[in-house]
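Please read the structure below before turning to the comments.
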Amino acid sequence: MVPLSVLDLVPVADGSSATDALAHSTRLVRRAEELGFTRYWVAEHHGMPGIASSSPPVLIAHLAGATGRITVGSGGVMLPNHRPLVVAEQFGTLEALHPGRIDLGIGRAPGTDPQTAAALRGTGTDRLHAPDDFPDQLVELAAYFRGDAGVLAVPAAGNAPTMWLLGSSGYSAKVAGMLGLPFAFAHHFSAANTLPALELYREHFRPSAMLAQPYSMIAAAVTCADTDERAHELALPSALQFLHLRLGDPRPLPGPEEVAAFDWTDAARAFVEQRHADQVIGSPETVRAGVEELVARTGVDELMVTTSTFRGEDRLRSYELLAGAVGLRPAAAAARPATGGA
């Protein structure tokens, strides 16, 4: 089995709080380290009542401080929402605090709705970045870490984290390949584009000082329980939450009562079935087979797993069952995954 990692969206369940969600993520990152997961990423989302990960640098500092070995990072920081200098200072600080344990995964989507994106980026002449600025932002960010940007970013210069490019389409795959960066694809919400994007990444890859050959990872939704039936029950609230989001009504993660009371029309059931078809859901035996098939089909070097359940205990248990199913063992995880792929 390829290395396994964790993508945490810090889900906020109905009736609970962001404080509860963040406390559970602290427990989960410690358990993930004990189980032998390689890295633990948090994603930048804004304006979503069911996700408490709006500030990855702050959360990464906390999670890295709560652990001692596992690599912690962003999956990702949405670069157009920020000045590259600020991102360099933040992640240079993190790398200086936790040498060799910080990943900087970068994306270009807003991570939110248009109104919130406008509040983040500005509008008109006050706009932070134009839509086509992303490649230039990447170049500027890398220069701060090298120390040759013309402006000294302290303590970023000399304290570069491992930089990844994230994507859900072919654009970021091409850019990651041309820049010689490791690439992480969002299979969990763009499964139809997974294979084409990975092919583009490998086709356009050029060796760099960081990476001699392509290194790819996908993020996949996985829910594991003692039986297939129970796993599908645990996965249903997350699917309903995503359905609400698609309908323009973002909510906290719904509980069993709301799931049972929902008006399950044929269209709603079809939406959930289609969404679950792209996930790995089931007992340890079912999940092991599904994970092995997904890795073999995509040819990735690493698999990142995201799990969302109403009860934090079920989410923790899912990762424990997954680790046991694939034979994961506690070990000193490679601090520099890109080097591992070189």
Side-chain angles (χ1 to χ4, degrees), residues 1-7 32 36-43 56 60 69-77 79 91 94-95 98-108 134-135 138-139 141-142 145-146 160-188 190-191 193-220 222 291-306 326 328 331-342:
M1 176 55 61
V2 298
L4 293 183
S5 295
V6 176
L7 173 62
F37 286 87
T38 298
R39 74 192 76 255
Y40 193 102
W41 281 5
V42 293
I60 289 167
R69 187 193 71 248
I70 194 169
T71 298
V72 186
S74 59
V77 164
L79 191 55
F91 279 82
L94 290 168
E95 178 68 22
H98 306 283
R101 293 183 56 209
I102 302 299
D103 284 340
L104 172 53
I106 300 168
R108 67 187 182 99
F134 185 66
L138 284 174
V139 171
L141 179 62
F145 287 120
R146 291 194 307 269
T162 299
M163 191 180 298
W164 292 70
L165 210 57
L166 280 57
S168 58
S169 66
Y171 177 86
S172 292
K174 290 181 181 179
V175 174
M178 290 187 291
L179 295 179
L181 295 174
F183 178 59
F185 186 82
H187 176 80
H188 59 303
S190 187
N193 291 323
T194 300
L195 294 180
L198 291 173
E199 183 177 352
L200 284 172
Y201 169 63
R202 293 159 184 154
E203 177 185 343
H204 288 83
F205 183 82
R206 299 173 185 171
S208 68
M210 178 182 296
L211 203 57
Q213 62 186 31
Y215 192 96
S216 61
M217 174 170 68
I218 59 171
V222 177
V291 164
E292 290 176 348
E293 187 279 331
L294 181 60
V295 170
R297 176 160 48 92
T298 58
V300 291
D301 302 286
E302 190 168 335
L303 178 66
M304 180 163 274
V305 171
T306 183
V326 301
L328 196 62
R336 295 297 183 184
T339 302

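Throughout, residue positions are numbered sequentially from 1 according to the sequence presented.
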Contact summary for [X] and [Y], nearest pair of heavy atoms:
| X | Y | value |
| --- | --- | --- |
| Gly167 | Ser172 | CA-CB, 3.8 Å |
| Pro56 | Val77 | CB-CG2, 4.3 Å |
| Ala173 | Ala197 | CB-O, 3.2 Å |
| Phe205 | Leu211 | CZ-O, 3.6 Å |
| Pro214 | Asp301 | O-OD2, 3.7 Å |
| Gly75 | Ala43 | O-CB, 3.3 Å |

Going from [atom1] on [X] to [atom2] on [Y], what distance comes out if it is rounded to the nearest 0.5 angstrom?
| X | Y | atom1 | atom2 | value |
| --- | --- | --- | --- | --- |
| Tyr40 | Ile60 | OH | CD1 | 11.5 Å |
| Arg39 | Arg101 | CZ | CZ | 12.0 Å |
| Leu303 | Leu7 | CG | CG | 11.0 Å |
| Lys174 | Leu179 | NZ | CG | 14.0 Å |
| Glu203 | Met178 | CD | CE | 11.0 Å |
| Met163 | Leu138 | CE | CG | 7.0 Å |

Can you check whether [Y]'s main-chain N or O pairs, donor with acceptor, with [X]'s side chain at less than 3.5 Å?
| X | Y | value |
| --- | --- | --- |
| Ser190 | Ser168 | yes |
| Arg108 | Leu79 | no |
| Thr38 | Ser5 | no |
| Ser74 | Gly105 | yes |

Heavy-atom side-chain proximity of [X] to [Y] below 4.5 angstrom:
| X | Y | result |
| --- | --- | --- |
| Leu294 | Ile218 | yes |
| Val305 | Val291 | no |
| Leu165 | Tyr201 | no |
| Asp103 | Pro161 | no |

TODO: Determine the interplanar angle of the Tyr215 and Trp164 rings, folded into 0 to 90°, and report it as parallel if under 30°, tilted if 30 to 60°, perpendicular if over 60°.
DONE: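 If you compare the ring of Tyr215 with that of Trp164, the planes turn out perpendicular.
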
Task: Crowding at CD, Glu199 (>12 non-hydrogen neighbours, <6.0 Å) - done: no

TODO: Could I get the full list of salt bridge (Lys or Arg N to Asp or Glu O under 4.0 Å) partners for Arg297, not counting sequence neighbours?
DONE: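 Per chain and number, Arg297 pairs via salt bridge (Lys or Arg N to Asp or Glu O under 4.0 Å) with Glu293.
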
Open item on the list: Checking Trp41 against Leu166 for the side-chain contact (heavy atoms from CB on, under 4.5 Å) test, could you report, in this order, the C-alpha distance in whole Å, the side-chain angles of both residues, the deciding distance, and whether it holds?
Closed with: CA-CA 12 Å; Trp41 281 5; Leu166 280 57; 4.1 Å; yes

Just list the side-chain donor-acceptor pairs under 3.5 Å for residues 181-188, sequence neighbours left out, or say none.
residue: His187; atom: ND1; partner: Thr194; partner atom: OG1; Å: 2.7
residue: His188; atom: ND1; partner: Ala219; partner atom: O; Å: 3.4

- [ ] Check the pair Ile106, Leu141 against side-chain contact (heavy atoms from CB on, under 4.5 Å), reporting the backbone distance first and the verdict last.
- [x] CA-CA 11 Å; Ile106 300 168; Leu141 179 62; 3.4 Å; yes

